[in-house]
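Reading through the structure tokens given below for one structure.
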Amino acid sequence: MPVWLSVTVLAALAVLGLWGMWHGWRARGRRTAALVPTLPDVPGTRGAPLTDDLEAVYVSSTRSGDWLDRVVAHDLGVRSPARVRVHADGVLVARTGAADVWVPAGALSAVGTTSGQAGKFVGRDELVVLTWVPDATSGTAIDTALQVRHDDARAALLAAARTLTAAPTDTDTTPSAAQEEQA
């Protein structure tokens with residue numbers, strides 16, 4: 001086979017592969033838009049800041065509990081540098097090159113860490129994960145992963161964000177560790 005024909009075939013395969021990836025990304029965007037029809041708007045005035053701006057990388061958002069099912073609607077699939085700040089009424093993820101994400105305190109159900117999520121895997125529990133429901137009409141919970149640049153900033157983000165999650169109610173019958181030790 002002549003060299004020019006080999007190069008032409010390889011170039012055509014590369015273009016076809018790129019077209020397939022682009023088409024798949026758009027299809028995933030349409031599917032995930034049904035799961036997350038809208039995102040909360042970033043309010044003009046937010047509550048008192050609980051942290052300073054923290055340097056981070058917005059990794060991705062996935063359907064809660066499925067660390068590979070990336071949500072790409074509303075720019076949630078775009079990995080980008082970010083500055084994260086916890087306020088009394090929510091968490092602001094100000095992203096570079098993508099739309100900002102506002103996680104209202106009332107929508108936040110859990111805060112934790114993990115070693116990996118679609119788009120990033122690290123050797124230890126280095127990613128901060130915010131589990132929240134962006135649209136109450138769909139009720140779909142998503143996990144938003146952030147890789148905070150500094151370890152002490154990660155601890156501050158975790159502590160501040162955990163204060164926003166719902167406190168246990170009086171009807172909670174799960175014994176605490178101290179209650180179990182006394183028994």
Side-chain angles (χ1 to χ4, degrees), residues 32-67 69-115 117-120 122 125-172 174 176-178:
T32 58
L35 297 173
V36 183
T38 62
L39 288 179
D41 292 327
V42 178
T45 57
R46 297 172 283 280
L50 303 179
T51 64
D52 293 331
D53 278 348
L54 307 173
E55 290 182 56
V57 173
Y58 171 87
V59 175
S60 66
S61 289
T62 62
R63 196 163 16 161
S64 184
D66 189 349
W67 54 275
D69 190 9
R70 187 187 301 243
V71 175
V72 301
H74 313 293
D75 279 344
L76 291 175
V78 178
R79 181 178 170 159
S80 57
R83 301 204 57 82
V84 180
R85 180 175 270 193
V86 180
H87 294 269
D89 50 353
V91 180
L92 176 63
V93 182
R95 301 189 298 163
T96 303
D100 294 346
V101 176
W102 173 252
V103 180
L108 188 63
S109 60
V111 178
T113 60
T114 187
S115 60
Q117 185 160 314
K120 183 71 174 178
V122 291
D125 285 352
E126 194 173 298
L127 301 179
V128 174
V129 178
L130 306 174
T131 302
W132 60 296
V133 178
D135 187 322
T137 59
S138 74
T140 302
I142 64 173
D143 292 333
T144 297
L146 305 163
Q147 184 178 23
V148 181
R149 175 170 267 201
H150 304 288
D151 288 341
D152 57 337
R154 182 180 317 104
L157 175 59
L158 285 166
R162 284 180 176 147
T163 65
L164 301 181
T165 59
T169 62
D170 292 336
T171 59
D172 185 10
T174 307
S176 67

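Within the 4.5 Å cutoff, the side chain of Leu146 has heavy atoms near those of the Leu130 side chain. The shortest side-chain heavy-atom distance between Arg79 and Val57 falls under the 4.5 Å cut-off. At least one side-chain heavy atom of Val86 sits under 4.5 Å from a side-chain heavy atom of Leu164. For the pair Val78/Leu76, no side-chain contact is recorded, criterion being any heavy-atom separation below 4.5 Å from C-beta on. With contacts defined as side-chain heavy-atom distances shorter than 4.5 Å, the pair Thr140/Val133 does not qualify. Residues Val148 and Glu55 fail the side-chain proximity criterion, which asks for heavy atoms closer than 4.5 Å. Between Arg95 and Val101, the closest side-chain pair of non-hydrogen atoms falls below 4.5 Å. Side-chain contact check for Arg154 versus Leu157: every heavy-atom pair is 4.5 Å or farther apart.
Smallest separation of non-hydrogen atoms from Tyr58 and Val93: CD1-CG1, 4.2 Å. When every heavy atom of Ser138 is checked against every heavy atom of Ala34, the shortest pair comes out as CB-O, 4.5 Å. Nearest approach of Ser64 to Thr131, heavy atoms of both residues: OG-CG2, 3.6 Å. The two residues Val128 and Leu158 make their nearest non-hydrogen contact at CG1-CD2, 3.9 Å. Summarising the geometry of Asp75 relative to Ala99, their closest heavy-atom pair is OD2-N, 3.6 Å, with the distance given to 0.1 Å. Scanning all heavy atoms of the two residues, the minimum distance from Trp102 to Asp41 falls at CD1-O, 3.6 Å.
Thr144 and Trp132 form a side-chain donor-acceptor contact under 3.5 Å, judged by distance and modelled atom types alone. With 3.5 Å as the limit, one finds no donor-acceptor pair spanning the side chains of Thr62 and Asp69.
For the pair Asp53 and Arg85, the salt-bridge criterion is met [side-chain N within less than 4.0 Å of a carboxylate O]. Between Asp66 and Arg63 there is no salt bridge, since no side-chain N of the basic residue sits under 4.0 Å from a carboxylate O of the acidic one.
At distances below 3.5 Å, not a single donor-acceptor pair connects side-chain atoms of Asp89 with backbone N or O atoms of Arg46. With His74 contributing its side chain and Pro37 its backbone, the two residues share a donor-acceptor pair below 3.5 Å.
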*side-chain contact (heavy atoms from CB on, under 4.5 Å) assessment of Val91 paired with Val84*: CA-CA 7 Å; Val91 180; Val84 180; 3.8 Å; yes

*Could you give me the CA-CA distance, side-chain angles and deciding distance for Arg83 and Leu54, then say whether side-chain contact (heavy atoms from CB on, under 4.5 Å) is met?*
CA-CA 5 Å; Arg83 301 204 57 82; Leu54 307 173; over 6 Å; no

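With rounding to the nearest 0.5 angstrom, the OG1 atom of Thr163 is 5.0 Å from the CG atom of Leu50. Within the model, atoms OG of Ser60 and NZ of Lys120 stand 11.5 Å from one another, a figure rounded to the nearest 0.5 Å.
Screening Pro40, Ser61, Pro104 for a side chain to side chain contact (heavy atoms under 4.5 Å, CB included) with Pro134, the sole residue that qualifies is Pro40.
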